[in-house]
Amino acid sequence: MDITIAECFLPHEDHEATLTFYRDVLGFEVRNDVGYGGMHWITVGPPGQPGTSIVLYPPAATPGLTDEERRTISEMMAKGSYAMINLTTPDLDGTFEKLQASDVEIVQEPTEQPYGRRDCAVRDPAGNMIRINELR
């Protein structure tokens, strides 16, 4: 088989804060920004990797959810326990310094993990956990 990852989906609730984090802080390209009914679906991705994207979507638009389920999702997002993505960088310390200077929520400073990775963790404006692994 020849399979690649095209998109993954992460929830978001604040259009401007989401754009600022992914575009201005992480340096991702904005590939699409679709508004409908006061909500936004934003597609971003790393420059030079046009085949891989993150679609930031409003979880409130998910069909079939009850109000209670929507509240639960919002609570889980706020705690950072709803969604997560792992990214990689060849310069973890430099990346972490830029993140720290951008006043993002730091969850973990660069750390050598017992499972063989060195990484750090931050949260995006929606509370999604973003772990950044050092390429070795």
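From a predicted model like this one, the values you see are computed outputs, not experimental measurements.
Taking hydrophobic clusters as Ile, Leu, Val, Met, Phe, Trp and Tyr residues chained together by side-chain heavy-atom distances below 4.5 Å, Ile130 shares a cluster with Val25. The hydrophobic cluster containing Phe28 does not contain Phe9, counting ILVMFWY residues as joined when their side-chain heavy atoms lie under 4.5 angstrom apart, directly or transitively. Hydrophobic cluster membership is shared by Val107 and Met84, with clusters built from Ile, Leu, Val, Met, Phe, Trp and Tyr side chains linked at under 4.5 angstrom. Hydrophobic cluster membership differs between Trp41 and Tyr22, with clusters built from Ile, Leu, Val, Met, Phe, Trp and Tyr side chains linked at under 4.5 angstrom. There is a path of hydrophobic side-chain contacts, each under 4.5 Å, that joins Leu87 to Val30.
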* Given the rule in the side chain to side chain contact (heavy atoms under 4.5 Å, CB included) test, do Val55 and Val44 qualify, once you have shown the distances and angles that lead to the verdict? -> CA-CA 7 Å; Val55 178; Val44 298; over 6 Å; no
* Any chance you could lay out the side chain to side chain contact (heavy atoms under 4.5 Å, CB included) test for Val34 and His40, step after step, and finish with the verdict? => CA-CA 5 Å; Val34 177; His40 283 265; over 6 Å; no
* For Ile85 and Cys8, run side chain to side chain contact (heavy atoms under 4.5 Å, CB included): C-alpha distance rounded to whole Å, both residues' side-chain angles, the deciding distance at 0.1 Å, then the answer. => CA-CA 9 Å; Ile85 190 168; Cys8 69; 3.5 Å; yes
* Asked: Given the rule in the side chain to side chain donor-acceptor pair (under 3.5 Å) test, do Thr95 and Thr89 qualify, once you have shown the distances and angles that lead to the verdict?
  -> CA-CA 8 Å; Thr95 298; Thr89 181; 3.2 Å; yes
* To do: Begin with the C-alpha distance, continue with both residues' side-chain angles, and end with the deciding distance and a verdict on side chain to side chain contact (heavy atoms under 4.5 Å, CB included) for Val104 and Ile106.
  => CA-CA 6 Å; Val104 301; Ile106 304 295; 3.9 Å; yes
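The minimum heavy-atom distance linking Pro59 with Leu65 is given by the pair O-CD1, 3.7 Å. Shortest non-hydrogen contact noted between Met1 and Ile3 is SD-CD1, 3.6 Å. Taking all atoms of both residues into account, the shortest heavy-atom contact from Ala78 to Arg123 is O-NH1, 4.3 Å. In this structure, Asp33 and Leu19 approach most closely via the heavy-atom pair OD2-CD1, 3.9 Å. Heavy-atom minimum distance, Pro110 versus Cys120: N-CB, 3.7 Å. When all heavy atoms of Glu13 and Ala126 are compared, the pair lying nearest together is N-CB, 4.4 Å.
Here the straight-line distance linking atom OG1 of Thr62 with atom OH of Tyr57 works out to 5.0 Å at 0.5 Å rounding. One finds the CG atom of Leu56 at 6.0 Å from the CD1 atom of Ile42 (value rounded to the nearest 0.5 Å). Here the CG atom belonging to Asp93 is positioned 6.5 Å from the CD atom belonging to Glu134, to the nearest 0.5 angstrom. Between Asp67 atom CG and Glu69 atom CD the span is 9.5 Å, to the nearest 0.5 Å. To the nearest 0.5 Å, atoms CZ (Phe21) and CD (Glu105) are separated by 10.0 Å. Atom CG of residue Asn86 and atom CE of residue Met129 lie 10.5 Å apart, to the nearest 0.5 angstrom.
Within a 6.0 Å radius of CZ in Arg118, more than 12 heavy atoms belonging to other residues, nucleotides or ligands are found. In this structure, Leu135 places its CG atom where more than 12 heavy-atom neighbours from other residues, nucleotides or ligands lie under 6.0 Å away.
Between Ile73 and Glu75, the closest side-chain pair of non-hydrogen atoms is not below 4.5 Å. When side chains are defined from C-beta on, Gln108 counts as touching Asp119, because their heavy atoms get closer than 4.5 Å.
Salt bridge Glu68/Arg70: absent, no basic N to carboxylate O contact under 4.0 Å. The pair Lys98-Asp91 fails the salt-bridge criterion, with no side-chain N (NZ, NE, NH1 or NH2) lying under 4.0 Å from an Asp/Glu carboxylate O.
Judged by distance alone, the side chains of Glu29 and Gln49 never bring a donor and an acceptor atom under 3.5 Å apart. Checked by atom type, the side-chain pair Asn128/Tyr82 shows no donor-acceptor distance below 3.5 Å. For the residue pair His12 and Asp124, no side-chain donor N or O sits within less than 3.5 Å of a side-chain acceptor on the partner.
A donor-acceptor pair is defined here as one N or O able to donate and one able to accept, closer than 3.5 Å; no such pair exists between the side chain of Arg31 and the backbone of Ile54.
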